[in-house]
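Nothing here was measured: the structure is a model prediction, and the numbers come from that model.
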There are 2 protein chains.
Amino acid sequence: MDKRAANCIDNERSVFSTLTAEEKNILSENCSCANYKKGEIIYKEGDKPTGLICLSTGKVKIYKEGVGGREQIVRMAKPVGFIGYRALFAGENYIASAQAIEDSTVCIFDKEILFGLLKSNFSLTMSIIQSLASELGFSNSRTVTLTQKHIRGRLAESLLFLKSTYGVEEDGETLKVYLSREDVANLSNMTTSNAIRTLSSFSQEGVIALNGRKIKLLDTKMLNKISELG
Amino acid sequence: MDKRAANCIDNERSVFSTLTAEEKNILSENCSCANYKKGEIIYKEGDKPTGLICLSTGKVKIYKEGVGGREQIVRMAKPVGFIGYRALFAGENYIASAQAIEDSTVCIFDKEILFGLLKSNFSLTMSIIQSLASELGFSNSRTVTLTQKHIRGRLAESLLFLKSTYGVEEDGETLKVYLSREDVANLSNMTTSNAIRTLSSFSQEGVIALNGRKIKLLDTKMLNKISELG
DNA sequence: AATAAATTGTGTTTTTAAACATTAATTTCA
DNA sequence: TGAAATTAATGTTTAAAAACACAATTTATT
């Protein structure tokens, strides 16, 4: 079996990992895999979903284009996890775009095969429901913080979000994801200038340390405080 | 059968309407109904869901409290439709509160009975998935517009949203929902003063007409233009 | 009906963050 | 390697919306 597909199916983080060998076989025989270089687009707003995309390795940002082309990152995907599954299950075209922020591999599972599997596997279906429901909660919370918190609060929250999503290096401090200042800004609903400015304020205050795109979270308690204060 | 329950189950807008008579019976025998006066709270952020709440009659706003108690309306519910189902299916406590904005009646279906029904009814389960996925798309889009559009754009969008949700009176223009200026503001991510001010600008421009809490959308084309422009 | 309470309306001030402008530092790649 | 392109950094100006203050009106309550 393709290594990338095997990872999407068997990895402990995959909802497919508890399937029977037979079910896994059906999936692996009805999927196609692809590689994306850093910066490449996986799908664009308006495209029609062709199947269920699973991120096998790498990191992907999901973003929407808003007023005047300004982008807002609505989700950061990590392996193993689905991307673009919302549109597939809503029966809609994509309302956001997906771009690899580092070299990534994905597998696309056939839609009909998947739905057939769901029909006979209740717990798999419930785990889809659970994911959608959790993500909806996250999105609602995000709406409120992005609209109500001030710049410092929004940035602090984003940094903590990145930590909880991608984790940290062995030193326990360095974020395991390297974003451009522009991406940090697009995640936090601010201009690039303001992201740069506020990051360097945090750095001067000793809450974080900056080294190019490497960000160390030195004082997560303080970041939490800044985030909660708004 | 209780009139309120019957409506939740049989109404053509209900996902339960296509169930078998037997399934409908099981549901109706395992539900309890309640009435809420305008202004009463149905559940609060942090509460634990006890079952699936269905709005039988009336109108309900779902909102989150943000920085400094400032509230953001994340959804407006209409009959027949579920409220609080996100938390139930995510297996979480409520992350938002629900308040009747006019006299309302609801039915609460037993959680275990419901899950049992889902297990044996794939199309019902898929309609839940579809709802969650659609609402997630709506929420993501909302995040972008609330953060990126300017006040006029946000208000115009909210007015159009209210029209698409609750419709209009026989005159084809008057919104079929009466919100306080504060609620309009909390829906549109702005202060009450700004909601009042911007509504009266729209009124002066002839795009809408105001009569107390009654709002007539006189020029929806223009509202669309204002909304799209940001 | 009288009073209190809540909501609506409007002007003014202040704050925040966007927009703009420019320079410096990195990357990219021809 | 060196020029071009991209990204990062920082100061200044401008615009948007919040905060504040207060008056007017409407709604609820006794």
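Of the N and O atoms on the side chains of A/N224 and A/S227, not one donor lies less than 3.5 Å from an acceptor on the other residue. For A/N189 and A/R142, the side-chain atoms include no donor-acceptor pair closer than 3.5 Å.
Listed nucleotides: C/dT8, C/dA18, D/dA18. Nearest to the side chain of A/N194: C/dA18. Looking at the side chain of A/R181, the nearest of the listed nucleotides D/dA17, D/dA19, D/dA9 is D/dA9. The side chain of A/S193 sits closest to D/dT10 out of C/dA18, D/dA18, D/dT10. The side chain of A/H150 lies closest to C/dT16 when the candidates are D/dA8, D/dA17, C/dT16.
Rounded to an integer number of Å, the gap from CD1 of B/I151 to P of C/dA17 is 15 Å. What separates CZ of B/R213 from P of C/dG9 is a distance of 10 Å, to the nearest Å. As a whole-Å value, the separation of A/L179 CG from D/dT7 P is 13 Å. With rounding to whole Å, A/E182 atom CD is found 15 Å from D/dA9 atom C1'. Across the protein-nucleic acid pair, A/K38 atom NZ and D/dT7 atom C1' stand 11 Å apart, rounded to whole Å. Distance, B/N211 CG to C/dT8 P: 13 Å, rounded to whole Å. Remark: C1' of C/dA17 and NZ of A/K149 are 18 Å apart, rounded to the nearest angstrom. For B/N189 and D/dA17, the CG to C1' distance is 10 Å, given to the nearest whole Å.
For the pair A/R197 and A/F202, the cation does not sit on the ring face, since its NZ or CZ is not both under 6.0 Å from the ring centre and inside 45° of the axis.
Within the 4.0 angstrom heavy-atom criterion, base atoms lie near B/I196.
Contact check, A/R152 against C/dT16: no side-chain N or O comes under 4.0 Å of OP1 or OP2. Under 4.0 angstrom from either OP1 or OP2 of D/dT7 there lies no side-chain N or O belonging to A/S180. Contact between the side-chain N/O atoms of B/R197 and the OP1/OP2 oxygens of C/dT10 is not found at any separation under 4.0 Å. Phosphate proximity of D/dT10 to A/S200: present, with a side-chain N or O under 4.0 Å from OP1 or OP2.
Using bins of under 30°, 30° to 60° and over 60° for the plane-to-plane angle, the ring pair B/Y85/B/F82 lands in the tilted bin.
A side-chain contact (heavy atoms from CB on, under 4.5 Å) with B/R86 is found for exactly one of B/E135, B/E92, B/R75, namely B/E92.
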